[in-house]
Amino acid sequence: MSEYHEICLLADLPDPGAVGFEVDGVGGFVVRRGGALHGYVDRCPHTGVPLAWAPNSYLDAAGELLQCSLHGALFLPDTGECIHGPCLGRFLTPLPVLVEDGRVLVHEDDLDDVD
Ligand code: FES
């Protein structure tokens, strides 16, 4: 039977802000910016490393772009497209998330689809 996993409470996620998680062996994160939420697999398209330089630190200093800690690639929060750095033009892998009753959720079927 399929089920959802709770990542965090929406109220605990600042805007802008991000939170990392690991469920069923899949590392991911959710970014909130401008009222929108987007989920991604926590894997840089350059070398495959997790992006954050510290727990939940996915955004740049301005809180506008996602930034990889290893070589500084910058990604658009809304699309996951790399707009600066060694993986220019490539995309983070999206991971659908939804909000229900104030909880940010990810569905285990979407985690199963991650390579
Ligand atoms: S590993 Fe992310 S920019 Fe190189």
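Whatever order the structure lists ligands and atoms in, that order sets their numbers, starting from 1.
Taking 4.5 Å as the limit, some side-chain heavy atom of Arg43 sits within range of a side-chain heavy atom of Thr93.
Interface atoms of ligand 1 facing Leu70, defined by a heavy-atom separation under 4.0 Å, are 1 (S). Less than 4.0 angstrom separates some heavy atom of Val49 from each of these atoms of ligand 1: 1 (S). Annotation for ligand 1: atoms under 4.0 Å from non-hydrogen atoms of Ala73 are 3 (S).
Closest approach between atom 4 (Fe) of ligand 1 and any N/O/S atom of His71 involves ND1. As for His46, its N/O/S atom nearest atom 4 (Fe) of ligand 1 is the one called ND1.
The two residues Ala36 and His38 have their closest heavy-atom pair at CB-NE2, 3.9 Å.
If you look at Pro86 next to ligand 1, the close heavy atoms, those under 4.0 Å, all belong to the side chain.
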Run the numbers on Val49 and Cys68 for side chain to side chain contact (heavy atoms under 4.5 Å, CB included), then give the verdict. CA-CA 9 Å; Val49 299; Cys68 179; 4.2 Å; yes
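Remark: the backbone N or O of Ala18 is not paired with any side-chain donor or acceptor of Arg32 at under 3.5 angstrom.
Classification of the Phe29-Tyr58 ring pair by plane angle, with boundaries at 30° and 60°, yields parallel.
Val19 belongs to a hydrophobic cluster with Ile7, Leu10, Leu13, Phe21, Val23, Val26, Val30, Leu37, Val41, Leu95, Val97, Val99, Val104, Val106, Leu111, Val114, counting contacts under 4.5 Å between side-chain heavy atoms of Ile, Leu, Val, Met, Phe, Trp and Tyr, direct or through other members.
When only non-hydrogen protein atoms are considered, atom 1 (S) of ligand 1 lies nearest to Thr47 OG1, 3.1 Å.
Rounding to 10°, one obtains 110° for the angle at atom 2 (Fe) of ligand 1 between SG (Cys68) and SG (Cys44).
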